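These notes concern the structure reproduced below.
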Amino acid sequence: MSGSKVLIVTAVEAEREAVERGLDRNSRFDVIAGGVGLAEAAASTAIALTKDSYSAVVSAGIAGGFRAQTELESIVVASEIWGADLGAETNEGFYDLEKLNLGCSRYRCDPLLTDKLCTTIAERGLKAQTGPILTTATVTGTAKTAENLVFRVPEAKAEAMEGFGVAVSARKLDVPVFEVRSISNFVGPRDRDNWKIKEALAALEQASNGLQEVF
C-alpha cells in the first residue's frame with residue numbers, strides 16, 4: 001500500500017486534529033471528521049470514497065475499553081469490527097445478523113497489516129494490542145450492559161460508535177478497512193471525572209504517526 005492514498009475517518013474535530021498532528025500533515029492521508037455514530041460515519045465515508053481513490057480506510061479516535069482487557073491511554077487495533085447491537089433480542093438471548101441469516105454484523109481486518117500496525121505503534125512507546133472493537137448505537141452506561149457485551153464477545157477490547165459504519169461503506173466499495181482506538185475510559189457506569197480524554201488524544205496522536213509506516 002506504500003505510496004497510495006489512505007482515508008482516515010474520525011468522529012469529531014478533536015480526534016481529526018490529533019490524527020493530523022501525528023501524521024505531520026502527510027498529504028497521502030485524507031483525514032475527515034465524519035460525525036458521531038454509525039449512520040453519520042457510514043454516510044461520510046461513502047461520500048469521501050466517491051471523491052477519490054483510496055487503498056485503505058481507517059476508523060480512528062478515542063473509545064471506551066473493557067476493564068479486564070485494556071488500560072487507559074493504551075491503543076487497540078481492531079482484529080474485527082463488530083456491529084454489536086445489530087440483531088434481535090430473543091428469549092434465548094441475542095441473535096446477531098448471521099444467526100438470523102440477515103447479513104453481516106462483523107468485518108475481519110487484514111491480520112498481517114493489523115499485527116504490523118500494532119507492532120509499529122508499540123515501538124513508539126505505547127501499550128498496544130489487537131482484538132475486536134465493538135460499534136454500538138448507544139454508549140454503554142451500566143455495569144449490566146457491559147457484562148452482557150462481554151458475555152457475547154468475551155475477547156472484545158473496546159467500544160466505540162463509528163467503526164462498523166466506516167467498515168460497511170469501505171467494504172461496499174471493496175476497500176480494506178481498519179480501526180484504531182485510544183482508550184479514554186472504561187466501558188460501564190459513566191464516570192466522567194476519571195475519563196482521560198486529553199491523555200487519550202495525545203496517545204492517538206502518537207499512534208497515528210505509525211500509520212505512515214504501514215500504509
Side-chain angles (χ1 to χ4, degrees), residues 6-12 32-51 53-66 68-70 76-115 117 129-181 187-188:
V6 175
L7 174 66
I8 301 178
V9 184
T10 72
V12 298
I32 64 171
V36 175
L38 186 155
E40 290 277 355
S44 297
T45 302
I47 291 169
L49 289 175
T50 65
K51 294 181 177 179
S53 178
Y54 297 97
S55 62
V57 179
V58 182
S59 175
I62 63 176
F66 288 95
Q69 298 278 3
T70 57
V76 177
V77 180
S79 58
E80 293 181 310
I81 302 172
W82 286 58
D85 46 16
L86 290 173
E89 290 184 336
T90 76
N91 290 330
E92 292 74 37
F94 183 84
Y95 283 17
D96 59 22
L97 294 184
E98 286 82 355
K99 192 162 187 175
L100 294 168
N101 198 30
L102 290 176
C104 173
S105 63
R106 68 195 71 137
Y107 292 105
R108 187 166 184 257
C109 303
D110 183 293
L112 293 178
L113 287 176
T114 295
D115 288 344
L117 182 56
Q129 62 178 321
T130 63
I133 298 179
L134 310 185
T135 300
T136 57
T138 302
V139 172
T140 296
T142 67
K144 181 62 176 176
T145 301
E147 291 169 4
N148 289 340
L149 289 172
V150 171
F151 178 78
R152 286 175 45 213
V153 192
E155 66 276 24
K157 298 293 189 286
E159 172 195 78
M161 299 179 71
E162 294 81 29
F164 190 77
V166 173
V168 168
S169 293
R171 289 301 178 89
K172 289 288 186 183
L173 295 173
D174 200 28
V175 180
V177 63
F178 302 86
E179 185 169 6
V180 177
R181 294 286 174 175
V187 178

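From a predicted model like this one, the values you see are computed outputs, not experimental measurements. Hydrogens, waters and symmetry mates are skipped; everything else that's a heavy atom, side chains included, is used.
- Counting only heavy atoms from C-beta outward, the side chains of Phe66 and Leu149 approach each other to under 4.5 Å.
- Note: Thr45 OG1 to Glu40 CD = 10.5 Å, rounded to the nearest 0.5 Å.
- Here CG of Leu117 is found 10.0 Å from SG of Cys109. Values are rounded to the nearest 0.5 Å.
- One distance of note links OG1 of Thr130 with CD of Glu179; it measures 13.0 Å at 0.5 Å rounding.
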Show me, pair by pair, the donor-acceptor contacts under 3.5 angstrom made by side chains of residues 167-175, not counting sequence neighbours?
unit_1: Ser169; atom_1: OG; unit_2: Ala42; atom_2: O; d: 2.7
unit_1: Arg171; atom_1: NH2; unit_2: Arg108; atom_2: O; d: 2.8

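- Considering only residues two or more places apart in sequence or on other chains, Asp85 meets the side chain to side chain donor-acceptor pair (under 3.5 Å) condition with none of them.
- One finds the OG atom of Ser105 at 6.0 Å from the CZ atom of Phe164 (value rounded to the nearest 0.5 Å).
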Applying salt bridge (Lys or Arg N to Asp or Glu O under 4.0 Å) to Arg106 and Asp96, what does each step give before you reach the verdict? CA-CA 10 Å; Arg106 68 195 71 137; Asp96 59 22; 2.5 Å; yes

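- The shortest heavy-atom contact between Leu134 and Ala84 is CB-CB, 3.9 Å.
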Under 3.5 Å, sequence neighbours excluded: what are the donor-acceptor pairs made by side chains of residues 153-163?
unit_1: Lys157; atom_1: NZ; unit_2: Gln69; atom_2: OE1; d: 3.4
unit_1: Lys157; atom_1: NZ; unit_2: Glu155; atom_2: O; d: 3.1
unit_1: Glu159; atom_1: OE1; unit_2: Thr140; atom_2: N; d: 3.2
unit_1: Glu159; atom_1: OE2; unit_2: Thr140; atom_2: OG1; d: 2.5
unit_1: Glu162; atom_1: OE1; unit_2: Arg181; atom_2: NH2; d: 3.3
unit_1: Glu162; atom_1: OE2; unit_2: Gly37; atom_2: N; d: 2.9

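- When all heavy atoms of Val166 and Ala41 are compared, the closest pair comes out as CG2-CB, 3.9 Å.
- Here the side chains of Val77 and Phe178 are not in contact, with every heavy-atom distance at 4.5 Å or above.
- At a threshold of 4.5 Å between non-hydrogen side-chain atoms, the residues Ser55 and Val6 count as touching.
- Between Leu7 and Ala48 the shortest heavy-atom distance is CD2-CB, 3.7 Å.
- Atom OH of Tyr95 and atom OG1 of Thr90 lie 4.5 Å apart (nearest 0.5 Å).
- Proximity of Ile133 to Ile81: side-chain heavy atoms (C-beta onward) are nowhere separated by under 4.5 Å.
- Between Ala146 and Gly188 the shortest heavy-atom distance is CB-CA, 4.2 Å.
- The two residues Ile32 and Ser44 have their closest heavy-atom pair at CD1-O, 4.0 Å.
- Expressed to the nearest 0.5 Å, how far CG of Asp110 lies from OG of Ser79 amounts to 12.0 Å.
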